[in-house]
Amino acid sequence: MLYWWMMKRFNPNELDAKWQKIWHDEKRYTALHDASKQKMYVSGMFPYPSGSGLHSGHAFSYTIVDTLARFYRAHDYSVLNPMGWDTFGLPAENYAIKTGTAPAVVTAQNIANFKKQFKRMGVSIDWSREINTSDPEYYKWTQWVFTELFKRDLAYQKESMQWWCPVDKTVLANEQVEGGKCWRCGNEVEKKSMKQWFFKITDYADALLEEIPGLDWPDKIKTAQTNWIGKSEGAEIQFTVEGIDDSITVFSTRPDTLFGATFLVLAPEHPLVTKLTNDETSAAVEAYVKESVKKPEIERAAEGKDKTGVFTGSYAVNPANGEKVQIWVADYVLGGYGTGAVMAVPAHDERDYAFAQKFDLPIIEVVKKPQDETSVCYHGEGVLQNSYQFDGMSSAQAREEIVAWLEQRAVGSAKTTYKMRDWLISRQRYWGAPIPIIHCDEHGAVPVPEDQLPVVLPEIEDYAPKGDGRSALASVEDWVNTTCPTCGGTAKRETDTMDGYACSSWYLLRYTDPQNHELAWSPDIANYWSPVDYYVGGDHAVAHLLYVRFWSHVFNDMGLLDKKEPVKKLVYHGYVNAEDGRKMSKSLGNVIDPLDIIDQGYGADTLRTYVLFMGPIELDSAWSSQGVGGVYRFLNRAWTLTQEYFDADKTDEQLPAELESLRHRTIKKVTGDYRSLGFNTAIASLMEYVNELYKYKTNGFTNGWQVHLETLVQLLAPFAPHMTAELWEQLGNTEPLDTAAWPTWDEALTKTATITLAVQVNGKLRATIELPADVSEEDATDAALAHEHVQKFTQDSSPKKIVFIPGRLLNIVI
RNA sequence: GCGCGGGUGGUGGAAUUGGUAGACACGAGGGACUUAAAAUCCCUUGGCUUUACGGCUGUGCGGGUUCAAGUCCCGCCCCGCGCACCA
């Protein structure tokens with residue numbers, strides 16, 4: 001007789017502790033550079049270790065990563081599953097300003113906490129490769145990359161307009177300006193020209209664009225990146241201005257509509273604006289410019305179709321037809337895109353049309369509308385008219401011919417522009433990697449030589465930015481004052497630090513060779529592991545993922561990496577929302593702490609399996625406490641079943657062939673699902689397998705159960721590594737489960753002897769019949785026609801047609 | 001406005017890519033065990049209808065193609081995300 005208290009009870013917390021200690025002590029998950037094996041590099045987007053610890057999004061992301069790591073380890077891949085910390089950033093700096101605690105100190109505490117919590121999730125990480133972006137050993141190489149970019153003219157300094165709050169005495173990001181006012185103090189902000197550092201990502205616009213179609217990334221992200229780069233092909237066309245020597249260059253993607261350009265519009269920021277005004281117009285234009293320059297771009301855009309603008313009083317000449325056209329200033333033209341000036345073709349552009357309507361400007365149709373076209377403003381392709389020698393030409397052909405004609409006369413040329421701007425990387429903040437530049441009166445900006453790197457962040461007392469728009473570093477005189485590496489004369493260090501995104505643009509390479517003191521990485525080692533096979537995250541669709549690609553392309557050009565693209569497969573998962581379906585947030589009080597789930601006694605296996613069972617990984621999901629309970633019940637059933645097997649008196653009786661067939665089908669299905677990241681359906685199949693085994697249990701246990709239980713344990717292991725490690729050992733295995741060969745299936749055995757054939761009459765299901773799997777169409781038809789439910793519908797009429805899908809269905813058409 | 005996803009029971013979601021819609025799980029209902037509860041185990045569970053066998057209906061809405069449509073085509077309506085006056 002078997003009593004429940006005689007069995008080893010399922011105690012997840014005990015198992016978690018036991019196995020986590022073994023994995024740690026035996027350094028089970030050290031990644032080995034083993035050229036004889038296939039490599040598998042998986043990584044999540046490394047976390048910013050905040051003070052509040054792991055949240056459910058982390059649990060989700062890193063469970064996906066870890067599950068893949070464990071799955072491929074069981075397939076004898078050499079697996080790299082690293083972890084690091086993205087530690088530069090505002091929260092630590094603000095905390096430091098408030099409390100005076102050094103950011104490095106707070107960061108170290110948060111890392112320790114994160115690491116402890118990650119370990120409790122049972123992640124199989126190679127901790128010997130841990131990196132931290134604010135560690136001088138790390139940012140030394142971030143700075144080195146900067147100097148390399150500088151040497152290649154890919155890092156440069158440029159004066160550019162920034163938002164400036166005169167009260168807070170700091171620059172603000174565009175997003176921090178609300179209605180022309182500072183988000184902090186509510187005072188009006190100004191535009192101030194400041195010298196900033198940029199990375200020339202625009203040099204790589206085409207290269208980055210070209211590789212996008214070949215990436216195994218979600219279309220969502222690929223189109224986001226394509227749009228962000230925003231390539232458009234067109235022409236630059238010069239319009240001479242009456243009365244002055246300057247000409248105005250416009251950019252247009254539709255040079256075929258040049259003859260319909262009835263006025264020009266300049267952005268308020270356009271440098272020629274003041275030159276074009278006269279005594280009558282200057283006051284109005286000046287006021288307009290002042291007003292619109294103050295508005296954040298976001299607000300200018302939000303005002304949508306309601307066009308505003310002023311006439312400058314000047315005229316330009318359309319180079320196509322010699323017509324005199326008015327020059328206007330309007331904020332719907334953006335200063336930072338193209339040339340900051342457009343030729344307005346109101347007949348074929350909705351914005352120009354709205355503007356022309358409002359200010360009563362001429363409209364000339366130069367592209368014939370198709371007959372069924374009803375819109376007033378047709379912006380499609382067509383046949384040209386009112387365009388002299390180009391009349392009758394298609395707009396596509398006219399685009400080329402008109403540009404050629406303009407080029408001949410030196411008043412225009414083909415031109416490609418991009419929406420993407422260069423990457424502004426300087427920050428007037430303390431807590432970042434110092435930009436490794438020394439400013440010398442004689443030699444200008446000089447990069448810090450490699451042997452003097454890293455430029456270490458000095459320890460200071462007051463972390464607050466200086467009032468003049470410089471970081472707190474500017475006050476550290478003995479740090480700022482240095483000598484020029486070129487001439488040895490007195491010089492000053494750059495006091496801006498780098499955007500945190502710089503540090504995260506190459507960490508995936510540092511993981512491959514984290515202890516290298518001579519190089520950022522050794523190309524041999526990086527080439528073995530690169531690219532990342534699975535990169536998992538749910539954020540940073542554009543910025544980070546574009547920057548990583550940019551740097552990777554540069555490294556490829558530098559000969560430091562033999563691949564251009566850093567990430568083979570991007571796994572972009574959804575958000576984990578609260579039970580109420582809303583975003584988790586402290587203020588709503590609906591936050592689920594993954595560590596609480598573990599502590600409540602569910603353990604890490606339940607947490608891990610649950611987050612993957614919630615639904616397809618790419619979808620947002622809502623947390624369900626009851627769902628967690630369901631997964632726990634499933635694991636508990638698998639555990640209990642195995643314990644009952646151990647304690648039972650076993651016979652040598654043969655198990656039915658169907659059960660063996662189910663085992664093979666389950667291996668096939670689950671293995672395929674792991675590969676295609678269909679974790680939710682993999683878990684469902686394992687649940688079915690367990691449910692089925694419970695049915696067989698009523699006949700008692702046999703020795704044949706061993707293989708079923710081992711299969712179950714192995715298939716479940718990547719999701720629930722602790723419990724399965726224990727069961728694997730209990731089943732008598734001495735080799736660790738981590739590296740035990742993954743179960744294989746025999747295709748022939750996945751087939752069953754009989755099949756359930758669906759019988760339809762005229763496409764409607766009327767019966768299902770059990771038949772031998774290899775039944776012929778004739779036999780199946782006979783069996784179907786003999787069925788009473790089928791006969792009710794076929795009556796006496798003979799079938800017109802029989803559609804037979806072997807193994808699936810038979811449709812009788814009458 | 002443009003681009004990319006999506007709409008399936010009370011809920012999360014399955015569906016071999018055109019072939020038995022609702023796998024698996026939650027919830028709910030019923031039963032077993034228990035003095036009782038919890039835990040566990042078993043059964044039922046889209047709706048309507050039928051004593052039952054069964055029948056009708058059903059994947060956002062309206063059409064279409066097909067022996068057969070959640071899946072393909074055309075036209076709409078909603079929801080989410082990204083970009084957004086980019087010339």
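In what follows, every heavy atom counts, from backbone to side chain, and hydrogens, waters and symmetry copies are set aside. So that the names make sense, note that chain A is the first sequence line, chain B the second, and so on, each numbered from 1.
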Have A:Ser661 and A:Arg665 got a donor and an acceptor in their side chains that come within less than 3.5 Å?
-> yes
What is the nucleic acid contact for A:Lys419, judged by heavy atoms within less than 4.0 Å: base, sugar-phosphate only, or nothing?
-> base
Hey, which of A:Asp216, A:Leu215, A:Ile221 is the one that makes side-chain contact (heavy atoms from CB on, under 4.5 Å) with A:Pro218?
-> A:Ile221
For the base of B:rC85, is there a side-chain donor-acceptor partner from A:Lys307 under 3.5 Å away?
-> yes
Using atom C1' of each nucleotide, how far apart are B:rG31 and B:rG6 to the nearest Å?
-> 41 Å
Touch class at under 4.0 angstrom, heavy-atom based, for A:Thr756 against every strand present = base
Checking all strands, does A:Gly230 fall into the base, sugar-phosphate, or nothing category for heavy-atom contacts under 4.0 angstrom?
-> nothing
Ignoring hydrogens and angles, state whether a donor on the side chain of A:Ser56 or A:Tyr575 is under 3.5 Å from an acceptor on the partner side chain.
-> no
Which value, in whole Å, describes the distance between the C1' atoms of nucleotides B:rG12 and B:rU16?
-> 22 Å
Would you classify A:Tyr610 as touching base, sugar-phosphate or nothing, given that sugar-phosphate means primed atoms plus P, OP1 and OP2, and contacts are heavy atoms under 4.0 Å?
-> nothing
Which nucleotide in the list B:rC67, B:rG13, B:rA87 gets nearest to the side chain of A:Asn680?
-> B:rG13
Among B:rC85, B:rA15, B:rC81, which is the nearest nucleotide to the side chain of A:Asp331?
-> B:rC85
For B:rG80 and B:rG13, measure between their P atoms and round to the nearest Å.
-> 15 Å
B:rG80 glycosidic torsion: syn (within 90° of 0) vs anti | anti
Steps toward ring pair (Phe, Tyr, Trp, His ring centres under 6.0 Å) verdict (A:Phe679, A:Phe613) = CA-CA 7 Å; A:Phe679 301 127; A:Phe613 184 60; over 10 Å; no
Is there a side-chain polar atom (N or O) of A:Asn811 under 4.0 Å from OP1 or OP2 of B:rU66?
-> no
Have a look at B:rU50 and give me syn or anti from its glycosidic angle (syn if within 90° of zero).
-> anti
Touch check for A:Lys800, heavy atoms < 4.0 angstrom, all strands: base, sugar-phosphate only, or nothing?
-> nothing
A:Leu619 has its side chain closest, among B:rG13, B:rC4, B:rU20, to B:rG13
Does A:Asn227 put a side-chain nitrogen or oxygen below 4.0 Å from OP1 or OP2 of B:rC2?
-> no
Nucleotide of B:rA21, B:rC67, B:rC81 approaching A:Val813 most closely (side-chain heavy atoms) = B:rC67
Any luck finding a side-chain donor-acceptor pair between A:Arg549 and A:Gln225 under 3.5 Å?
-> yes
So which nucleotide from B:rU16, B:rC41, B:rC67 ends up closest to the side chain of A:Tyr694?
-> B:rC41
Check the surroundings of atom CD in A:Glu14: do more than 12 heavy atoms from other residues, nucleotides or ligands lie under 6.0 Å from it?
-> no
Separation of the C1' atoms in B:rA68 and B:rC77, to the nearest angstrom | 28 Å
Pick base, sugar-phosphate or nothing for A:Asn691, based on heavy-atom distances below 4.0 Å to the nucleic acid.
-> sugar-phosphate
Tell me whether the OP1 or OP2 atom of B:rA87 has a side-chain N or O from A:Tyr337 closer than 4.0 Å.
-> yes
Are any of A:Ser232's side-chain N or O atoms less than 4.0 Å away from OP1 or OP2 of B:rA87?
-> yes
What integer number of Å spans the C1' atoms of B:rC83 and B:rA28?
-> 45 Å
Between B:rC72 and B:rC78 - C1' atom distance, rounded Å = 22 Å
Only one of A:Trp623, A:Tyr602, A:Tyr632 passes ring-ring contact (aromatic ring centres under 6.0 Å, His included) with A:Tyr610, and that residue is A:Trp623
Should B:rG27 form a Watson-Crick or G-U wobble pair with both distances under 3.5 Å, which nucleotide is its partner?
-> B:rU45
Please measure how far the C1' atom in B:rA21 lies from the corresponding atom in B:rG58, and state the result in whole Å.
-> 9 Å
Is the distance from OP1 or OP2 of B:rU57 to the nearest side-chain N or O of A:Lys764 less than 4.0 Å?
-> yes
Among B:rA87, B:rC67, B:rU20, find the nucleotide with the atom closest to the side chain of A:Ala758.
-> B:rU20
Counting only heavy atoms not in A:Trp423, do more than 12 sit closer than 6.0 Å to its CH2 atom?
-> yes
Below 4.0 Å: OP1/OP2 of B:rG54 and any side-chain N or O of A:His789 = yes
Does A:Arg637 have a side-chain nitrogen or oxygen under 4.0 Å from the phosphate oxygens OP1 or OP2 of B:rC41?
-> yes
Between the base of B:rU40 and the side chain of A:Arg633, is there a donor-acceptor distance below 3.5 Å?
-> no
NA contact type, A:Pro218, heavy-atom cut-off 4.0 Å: base, sugar-phosphate, or nothing?
-> nothing
Indicate, with a heavy-atom threshold strictly under 4.0 Å, whether A:Thr768 touches base, sugar-phosphate, or nothing.
-> base
When the C1' atoms of B:rA52 and B:rG18 are considered, how many whole Å apart are they?
-> 36 Å
Verify the contact: side-chain N or O of A:Arg766 to OP1 or OP2 of B:rG55, cut-off strictly under 4.0 Å; return yes or no.
-> yes
